[in-house]
Amino acid sequence: MTTADLFAASQTPRRDEPLGDGAMVLRGFALAEEAPLLQAVAAIAAQAPFRHLVTPGGLRMSVAMTNAGPLGWVSDHRGYRYDPIDPDSGRPWPPLPPAFMRLAVAAAARAGFPGFVPDACLLNRYEPGSRLSLHQDRDERDLGLPIVSVSLGIPAMFRFGGLRRTDPVQRVPLVHGDVVVWGGAARLRFHGVLPLKPNHHEALGECRINLTFRKAG
Ligand code: MD3
Ligand code: FE
């Protein structure tokens, strides 16, 4: 390595940041597929519109949701579950678009999970003020498999806790194009999203869309 090489390396932003054991932030990883991703989100929302689900306790969620893929996550008075049918339309969820599949598979492989193939994508839509309270994701059959998340639109402050609800919580800013792979010891950590601040994104307006890819069944 020459001094010039070392200088060049020091000027290159590091785009992979481990976030504790099992979680890896891939900054900007989704930007290469930005246009096909945004186009696919719009196509899914046209077939299966975003809607505000109700928790089993009867509270309307401030985040609006829809799904793509063979299975979709739903919540109602009966509980949380994965369902192959959109309860609003009675039809299957839209298929996983090729750009979604490519991105999820590539991000998982890069983070150390080769062979991960999702069968569910939950799309969350946030507006300023929308939040997601601290929770664990444990409705999937094999909790040894990772979840891949993709942030699009206005920034959010992610909350990353521990294995117990009362453990300390760290804050991680997530911006348009960031991808995070959550597996291993991170998979059952409590997490959430702080209320979004008013903001504007050139492609998505006053809104954040988060994609989470899961192997649910
Ligand atoms: C850490 N979504 O849909 S993505 C969710 O930004 C969810 O919409 C948030 O939490 C969002 O369930 C956060 C990041 C994320 C997703 C799943 C995880 C972090 C995770 C599962 C285990 C640990
Ligand atoms: Fe979650």
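Keep in mind the model is a prediction, meaning the values are calculated, not measured. Hydrogens, waters and symmetry mates are skipped; everything else that's a heavy atom, side chains included, is used.
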Q: To the nearest 0.5 Å, how far apart are CZ in R110 and CE in M24?
A: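 Taking CZ in R110 and CE in M24, the distance rounds to 8.5 Å.
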
Q: Quickly, which of L103, D178, V181, V150 forms a side chain to side chain contact (heavy atoms under 4.5 Å, CB included) with F29? Name it, please.
A: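 Between F29 and the candidates, side chain to side chain contact (heavy atoms under 4.5 Å, CB included) is satisfied uniquely by L103.
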
Q: Write down the atom of C207, the atom of R125, and the distance for their closest heavy-atom approach.
A: SG-CG, 3.6 Å

Q: Quick check on side chain to side chain contact (heavy atoms under 4.5 Å, CB included): which of L204, N210, L123 does L152 satisfy it with?
A: L204

Q: Measuring only between side-chain heavy atoms, which start at C-beta, is S133 closer than 4.5 Å to R131?
A: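 Answer yes - side chains close enough.
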
Q: Could you check whether any side-chain heavy atom of D88 comes within less than 4.5 Å of a side-chain heavy atom of P49, counting everything from C-beta outward?
A: no

Q: If you measure only the distance, is there a donor-acceptor pair under 3.5 Å linking the side chains of H135 and D137?
A: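 Note: H135 and D137 side chains meet the donor-acceptor criterion.
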
Q: Please tell me whether F100 and F50 are part of a single hydrophobic cluster in this structure, the criterion being side-chain heavy atoms less than 4.5 Å apart.
A: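 Yes; F50 is reachable from F100 via cluster members.
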
Q: Please check if the side chain of R159 supplies one atom and the backbone of L134 the other of a donor-acceptor pair under 3.5 Å.
A: no

Q: Just by distance, do the side chain of S130 and the backbone of V63 share a donor-acceptor pair under 3.5 Å?
A: no

Q: Which is it for Q170 and L19 under the side chain to side chain contact (heavy atoms under 4.5 Å, CB included) test, yes or no, and what are the steps along the way?
A: CA-CA 10 Å; Q170 73 191 92; L19 194 62; 3.9 Å; yes

Q: Rounded to the nearest 0.5 Å, what separates atom OG1 in T55 from atom NE2 in H77?
A: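 Going from OG1 on T55 over to NE2 on H77, the span is 12.0 Å.
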
Q: Should L132 and I209 be counted in the same cluster of Ile, Leu, Val, Met, Phe, Trp and Tyr side chains packed under 4.5 Å apart?
A: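 No, L132 and I209 fall in different hydrophobic clusters.
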
Q: Out of curiosity, does V180 fall in the hydrophobic cluster containing L145 (side-chain heavy atoms, cut-off under 4.5 Å, transitive links)?
A: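 The answer is no; the residues belong to distinct hydrophobic clusters.
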
Q: Hey, are the side chains of P84 and P70 touching, using non-hydrogen atoms and a 4.5 Å cut-off?
A: no

Q: Verify the neighbour count for atom CG of D21: are there more than 12 heavy atoms of other residues, nucleotides or ligands below 6.0 Å?
A: no

Q: Going from SG on C121 to CD1 on I44, what distance comes out if it is rounded to the nearest 0.5 angstrom?
A: 6.0 Å

Q: So, do P118 and K215 sit near enough that their side-chain heavy atoms are less than 4.5 Å apart?
A: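 The answer is no, as the side chains (C-beta and beyond) never meet within the 4.5 Å cut-off.
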
Q: Check the pair R91, D86 against side chain to side chain contact (heavy atoms under 4.5 Å, CB included), reporting the backbone distance first and the verdict last.
A: CA-CA 6 Å; R91 290 182 276 115; D86 175 351; 5.7 Å; no

Q: Are the side chain of H200 and the backbone of E206 linked by a donor-acceptor contact shorter than 3.5 Å?
A: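 No, H200 side chain to E206 backbone: no donor-acceptor pair under 3.5 Å.
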
Q: What heavy-atom pair brings P146 and F113 nearest, and what distance separates the two atoms?
A: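 Taking every non-hydrogen atom into account, CG-CG, 3.6 Å.
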
Q: Check F190, W182, Y126 against F158 for a ring pair (Phe, Tyr, Trp, His ring centres under 6.0 Å) and give me the one that passes.
A: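 The option that passes is W182.
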
Q: Does the distance from a Lys or Arg side-chain N to an Asp or Glu carboxylate O, for R141 and D119, drop under 4.0 Å?
A: no

Q: Kindly work out whether a path of hydrophobic side-chain contacts (I/L/V/M/F/W/Y, heavy atoms less than 4.5 Å apart) joins Y82 to V54.
A: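 Each belongs to a different hydrophobic cluster.
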
Q: Roughly how far apart are W93 CH2 and L71 CG, rounded to 0.5 Å?
A: 10.5 Å

Q: Could you check N67, N124, D83 and say which one makes a side chain to side chain contact (heavy atoms under 4.5 Å, CB included) with W73?
A: N67

Q: Got a second to check how far L122's CG is from S149's OG, nearest 0.5 Å?
A: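 L122 CG to S149 OG: 11.0 Å, rounded to 0.5 Å.
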
Q: I need the minimum non-hydrogen distance between S151 and L174, along with the two atoms involved.
A: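 Between these two residues, the closest heavy atoms are OG-CB, 3.6 Å.
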
Q: Is the shortest heavy-atom distance from the side chain of P92 to the side chain of I85 under 4.5 Å?
A: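 Touching, per the 4.5 Å side-chain cut-off.
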
Q: Decide whether L211 and I154 are clustered together by the hydrophobic rule: side chain heavy atoms of Ile, Leu, Val, Met, Phe, Trp, Tyr closer than 4.5 Å, transitively.
A: no

Q: The test is side chain to side chain contact (heavy atoms under 4.5 Å, CB included); show your working for V169 and F160 and say whether it passes.
A: CA-CA 5 Å; V169 174; F160 194 36; 5.7 Å; no

Q: Under 3.5 Å, side chain of Q136 to main-chain N/O of L188, donor-acceptor pair present?
A: yes

Q: Got a donor-acceptor contact below 3.5 angstrom from the R189 side chain to the G161 backbone?
A: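 Pair found, side chain donor or acceptor close to backbone of G161.
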
Q: Minimum heavy-atom separation for L96 and A120, please, with both atom names.
A: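 So the minimum-distance heavy-atom pair works out to CD1-N, 4.3 Å.
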
Q: Does any N or O in the side chain of R138 come within less than 3.5 Å of the main-chain N or O of L143, such that one atom is a donor and the other an acceptor?
A: no

Q: Verify, without hydrogens or angle tests, whether H52 (side chain) and M61 (backbone) share a donor-acceptor contact under 3.5 angstrom.
A: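 It does hold such a pair.
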
Q: Any idea which heavy atoms bring D142 and G144 closest together, and the distance?
A: OD1-N, 2.8 Å

Q: Please find the pair of heavy atoms, one from V148 and one from F116, that lie closest to each other, and give the distance.
A: CG2-CE2, 3.9 Å

Q: Could you go through V74 and R81, starting from their C-alpha distance and side-chain angles, then the distance that decides it, and tell me whether this counts as side chain to side chain contact (heavy atoms under 4.5 Å, CB included)?
A: CA-CA 6 Å; V74 291; R81 67 191 169 279; 3.8 Å; yes

Q: Please report the interatomic distance OG1(T66) to CZ(R51), rounded to the nearest 0.5 Å.
A: 4.5 Å

